[in-house]
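Scroll down for the structure; my scribbles are underneath it.
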Amino acid sequence: MDNRKEKRVLIKKEVVINDSIKAYVLDISKGGMYIYTQVEFITGAILKLSFDVDNRPIKIKAKVQHAQPGIGIGVKFIGLSRQDSIKINDLLERLHHVYPVGVSGKKKVLLVDNDPQSRTVYKIRLLQDDFTVIEASNGLEAFKLLQDSMPDIVVLDLWLDSMDGFKILQLMQMNPDLKMIPVLILSTRCVPLDIEKAMALGAKDYLLKMTTTPLKLSEKIRAILGSL
């Protein structure tokens, strides 16, 4: 998992740890995976993992490479059989173009919104304006992409599944690298307390969807990036 040259893809899949703990895979490579779980594990722990690929079960051992308490663990597969390795490689090949990680380009925007139609409208304009756009539909996916792709700016909705925007802002403030990435809130809610809280947690600005056209969003992103 620490080898960033390995092909990794985002994937939302249930995994069972040690035959009893239900968790979720957030990304996978041929050598390991990142698992969302609020159960704490220590670095170096050996785990038994059970999950499926195309309805075919896989049961393997893995070693915890790094742990983020309350968020998840990165694990490295141990003793992966040739048959299971082929299953995982086939999965990576199919999903690589669906959930690309580490997309290269010019200024990179992470667009976080649980409404696919809203993301599409803004994404089209941003692509036209020569940005690279990475999308996340929920908080966990967004936080994982933040760490993997290191975008130039984040456009963040506050009300998300699995982890809300306030939590993402809090976690970014705790990480020296992520803390430097500017965040622009784009929300349907106009609640003064929400705005104050978001700004106190480091957001650069707060826009309302109902009054923010794709062009206005693009211009605001350029203004924020240009001021850094």
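Residues K108 and S149 approach most closely at NZ-O, 3.1 Å, considering heavy atoms. Nearest heavy atoms, L145 versus A136: CD1-CB, 4.1 Å. For the residue pair L156 and G165, the shortest heavy atom distance occurs at CD2-O, 3.7 Å. Minimum interatomic distance between K59 and S50 (heavy atoms only, all atoms of both residues): CG-OG, 3.7 Å. A pairwise comparison of heavy atoms in F143 and M163 identifies CB-SD, 4.3 Å as the closest pair.
Contact of the P151 side chain with the V109 side chain is not registered, since no non-hydrogen atoms from C-beta on lie closer than 4.5 Å. For the pair L92/I28, a side-chain contact is recorded, criterion being any heavy-atom separation below 4.5 Å from C-beta on. Residues K22 and E14 have side chains in contact (heavy-atom distance under 4.5 Å, counting atoms from C-beta outward). Residues L91 and K87 form no side-chain contact, since every pair of their non-hydrogen atoms from C-beta on lies 4.5 Å or further apart. Using a 4.5 Å heavy-atom cutoff, the side chains of H66 and Y34 are in contact.
Here the rule is side chain to side chain contact (heavy atoms under 4.5 Å, CB included) with V154, and of V112, L184, I134 only V112 fits it. With V75 as the partner, the side chain to side chain contact (heavy atoms under 4.5 Å, CB included) test is satisfied by one option alone out of L49, V25, V15, I46: L49.
Under the rule for a side-chain contact (heavy atoms from CB on, under 4.5 Å), the partners of S218 that lie at least two apart in sequence or sit in another chain are R125, L126, D129, F131, R222. In this structure, the salt bridge (Lys or Arg N to Asp or Glu O under 4.0 Å) partners of K123, at least two apart in sequence or on a different chain, are E135. I21 is linked by a side-chain contact (heavy atoms from CB on, under 4.5 Å) to I17, T37, V39, F41, counting only residues two or more places apart in sequence or in another chain. Here D205 pairs with K220 under the salt bridge (Lys or Arg N to Asp or Glu O under 4.0 Å) rule; sequence neighbours left out. Partners of F166 under the ring-ring contact (aromatic ring centres under 6.0 Å, His included) rule, at least two apart in sequence or in another chain, are W159.
Of the inter-residue distances, the one linking I60 atom CD1 with D84 atom CG reads 7.0 Å to the nearest 0.5 angstrom. Within the model, atoms CD of Q65 and CD1 of I73 stand 10.5 Å from one another, a figure rounded to the nearest 0.5 Å. To the nearest 0.5 angstrom, I195 atom CD1 is 10.5 Å from I185 atom CD1. For the atom pair CD1 (I78) and CG (L47), the distance works out to 8.5 Å, reported to the nearest 0.5 Å. For the atom pair L160 CG and D113 CG, the distance stands at 7.5 Å (nearest 0.5 Å). With values rounded to the nearest 0.5 angstrom, T132 atom OG1 is found 8.5 Å from D152 atom CG.
Between K167 and D164, none of the side-chain N atoms (NZ, or NE/NH1/NH2) sits under 4.0 Å from a carboxylate O, so this pair counts as no salt bridge. A salt bridge is defined here as a Lys NZ or Arg NE, NH1 or NH2 lying under 4.0 Å from an Asp or Glu carboxylate O, and K107 with D130 fails to meet this definition. Taking the charged nitrogens against the carboxylate oxygens, K209 and D115 have no contact shorter than 4.0 Å, which rules out a salt bridge.
With hydrogens and angles disregarded, a donor-acceptor distance shorter than 3.5 Å links the side chain of S162 to the backbone of L140. K13 places a side-chain N or O within 3.5 Å of a backbone atom of D52 that can act as its donor or acceptor partner.
Under the 4.5 Å side-chain heavy-atom criterion for ILVMFWY residues, no single connected hydrophobic cluster contains both L110 and V121. Neither I88 nor V16 shares a network with the other; the hydrophobic side chains, linked directly or stepwise wherever heavy atoms of I, L, V, M, F, W or Y lie under 4.5 Å apart, form separate groups for each. Hydrophobic clustering (ILVMFWY, side-chain heavy atoms < 4.5 Å, transitive): L215 and L186 are in distinct clusters. There is no path of hydrophobic side-chain contacts, each under 4.5 Å, that joins L193 to V183. Side-chain heavy atoms closer than 4.5 Å link hydrophobic residues (I, L, V, M, F, W, Y) into clusters, and following such links, even through other members, never connects I221 to I124.
The side-chain hydrogen bond (donor to acceptor under 3.5 Å, both in side chains) analysis of residues 169-189, with sequence neighbours excluded, yields the pairs R189-D194.
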### Query
Does the pair V53 and D90 meet the rule for a side-chain contact (heavy atoms from CB on, under 4.5 Å), with working shown?
CA-CA 9 Å; V53 174; D90 287 345; over 6 Å; no
### Message
Set out, in order, the CA-CA distance, both residues' side-chain angles and the distance that settles side-chain contact (heavy atoms from CB on, under 4.5 Å) for M33 and F77, then state yes or no.
### Response
CA-CA 8 Å; M33 58 175 56; F77 298 143; 3.6 Å; yes
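Residue R56 places its CZ atom among more than 12 non-hydrogen atoms of other residues, nucleotides or ligands, all under 6.0 Å distant. Atom OH of Y206 sits in a crowded spot, with more than 12 heavy atoms from other residues, nucleotides or ligands closer than 6.0 Å.
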